[in-house]
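Report on one structure; see the data block that follows.
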Amino acid sequence: MTTFKKTHSVVAFIDILGFKNMIQESTKNEHEVYSNLSNSIKYAHDYTINTLNLTFELLTDLFNSKERLSERLKVKQFSDNIYFSFDYEIDEPYDLYFGIYIIITISSIYQSIMMNKGYFVRGGIAHSLNLVDHHL
């Protein structure tokens with residue numbers, strides 16, 4: 001039986017618009033389409049996470065925090081989807097606001113990079129109880 005860790009999180013779920021059509025129409029240049037898409041997703045993912053982790057490290061050092069903010073961020077990439085979540089303390093209203101700021105920032109960085117690579121993304125942002133397992 002899977003044991004879920006219960007946390008309160010701000011979550012963004014993002015996918016690429018028209019992904020199914022891109023794949024279906026790629027019969028003649030399938031390798032090129034997959035390679036370009038894969039490289040774009042990897043670059044957007046890595047750049048976004050690295051940028052945020054640098055910010056987290058600066059904030060951690062600035063406030064002499066014992067907590068590593070980067071440990072509160074979770075990322076899951078699969079197919080054309082990406083899932084970002086940032087945990088917050090339910091009893092700390094400013095912690096929720098900070099989580100919203102982080103998820104909006106990470107989503108906009110990811111979206112900007114993907115758009116620059118020629119892919120448009122869509123998604124949603126929500127906050128609530130988040131149930132995650134070790135696969136995330």
Side-chain angles (χ1 to χ4, degrees):
M1 182 173 166
T2 302
T3 304
F4 289 99
K5 180 182 174 191
K6 298 176 186 175
T7 60
H8 285 85
S9 305
V10 181
V11 176
F13 186 82
I14 303 169
D15 71 340
I16 298 173
L17 283 169
F19 179 74
K20 181 180 175 182
N21 290 339
M22 275 187 263
I23 300 307
Q24 289 175 340
E25 295 171 2
S26 69
T27 55
K28 293 182 182 175
N29 56 350
E30 184 175 290
H31 179 71
E32 184 181 329
V33 169
Y34 282 124
S35 180
N36 185 36
L37 181 59
S38 176
N39 291 338
S40 296
I41 290 172
K42 181 174 178 8
Y43 177 80
H45 172 273
D46 293 349
Y47 185 86
T48 302
I49 299 306
N50 289 339
T51 299
L52 222 31
N53 280 334
L54 285 172
T55 302
F56 287 153
E57 293 306 315
L58 288 171
L59 288 172
T60 299
D61 292 345
L62 181 65
F63 293 107
N64 295 320
S65 176
K66 294 177 183 165
E67 176 191 25
R68 304 312 278 172
L69 291 171
S70 58
E71 293 173 5
R72 294 168 59 184
L73 178 67
K74 295 172 187 67
V75 180
K76 178 80 172 179
Q77 176 81 49
F78 51 99
S79 183
D80 71 318
N81 303 290
I82 193 160
Y83 166 94
F84 300 112
S85 74
F86 189 82
D87 298 339
Y88 66 91
E89 294 295 325
I90 189 77
D91 299 330
E92 299 287 335
Y94 289 110
D95 206 31
L96 169 60
Y97 303 149
F98 182 66
I100 292 169
Y101 169 78
I102 292 300
I103 292 300
I104 288 172
T105 301
I106 199 169
S107 298
S108 66
I109 292 170
Y110 185 83
Q111 180 181 29
S112 296
I113 292 168
M114 290 300 286
M115 193 170 21
N116 190 34
K117 297 281 187 178
Y119 300 102
F120 294 94
V121 297
R122 65 175 172 191
I125 296 175
H127 74 89
S128 189
L129 186 62
N130 192 14
L131 305 175
V132 295
D133 67 11
H134 69 281
H135 296 293
L136 183 57

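All figures in this text were calculated on a predicted structure; none of them were measured in a lab.
Using a 4.0 Å cut-off between charged nitrogen and carboxylate oxygen, Lys74 and Asp87 count as a salt-bridge pair.
In this structure the side chain of Tyr88 never reaches within 4.5 angstrom of the side chain of Ile100, judged on heavy atoms. Side-chain atoms of Ile49 and Phe84, non-hydrogen and from C-beta on, do get closer than 4.5 Å to each other. Residues Phe98 and Leu59 are in side-chain contact: their nearest non-hydrogen atoms beyond the backbone lie under 4.5 Å apart. Between Ile102 and Val10 there is no side-chain heavy-atom pair separated by less than 4.5 Å. A 4.5 Å side-chain heavy-atom check between Phe56 and Asn53 finds at least one atom pair inside the cut-off. At least one side-chain heavy atom of Met115 sits less than 4.5 Å from a side-chain heavy atom of Phe120. Between Thr105 and Ile109, the closest side-chain pair of non-hydrogen atoms falls below 4.5 Å.
Contacts of Asn81 classified as side chain to side chain donor-acceptor pair (under 3.5 Å), with partners at least two apart in sequence or in another chain: none. Under the rule for a salt bridge (charged side-chain N to carboxylate O under 4.0 Å, His left out), the partners of Asp95 that lie at least two apart in sequence or sit in another chain are Arg72. Checked against salt bridge (charged side-chain N to carboxylate O under 4.0 Å, His left out), Lys42 has the following partners two or more places apart in sequence or in another chain: Asp46.
For the pair Ala44 and Met114, the tightest heavy-atom approach, listed with the atom from each and the gap, is CB-SD, 3.6 Å. Here the closest heavy-atom approach between residue Leu17 and residue Met22 is recorded as O-CE, 3.6 Å. Between Ile16 and Ile41, the shortest heavy-atom contact is CD1-CD1, 3.8 Å. Between Phe19 and Ser79, the shortest heavy-atom contact is CE2-OG, 3.6 Å.
Between atom CG of residue Asn116 and atom CD of residue Gln111 there is a gap of 12.0 Å, rounded to the nearest 0.5 Å. Atom CZ of residue Phe78 and atom CG of residue Asp15 lie 9.0 Å apart, to the nearest 0.5 angstrom. In this structure, the separation between OG on Ser85 and CD1 on Ile103 is 6.5 Å, given to the nearest 0.5 Å.
Cluster membership check: Tyr101 shares its hydrophobic cluster with Phe86, using side-chain heavy-atom separations under 4.5 Å among Ile, Leu, Val, Met, Phe, Trp and Tyr. Grouping the Ile, Leu, Val, Met, Phe, Trp and Tyr side chains by contacts below 4.5 angstrom, directly or via other members, places Val121 with Ile104. No continuous path of hydrophobic side-chain contacts links Val75 to Ile113 [ILVMFWY only; heavy atoms under 4.5 Å].
Counted within 6.0 Å of CD on Gln77, heavy atoms from surrounding residues, nucleotides or ligands total more than 12; the atom is thus considered enclosed. The number of heavy atoms from other shown groups lying within 6.0 Å of NE2 (His127) does not exceed 12.
With hydrogens and angles ignored, the 3.5 Å screen pairs no side-chain donor or acceptor of Asn36 with any backbone N or O of Glu32.
Aromatic ring orientation, Tyr97 versus Tyr94: perpendicular (interplanar angle above 60°, classes split at 30° and 60°).
Checked options Ile106, Ile82, Asp80, Ile125; the residue passing with Ile14 is Ile82 (criterion: side-chain contact (heavy atoms from CB on, under 4.5 Å)).
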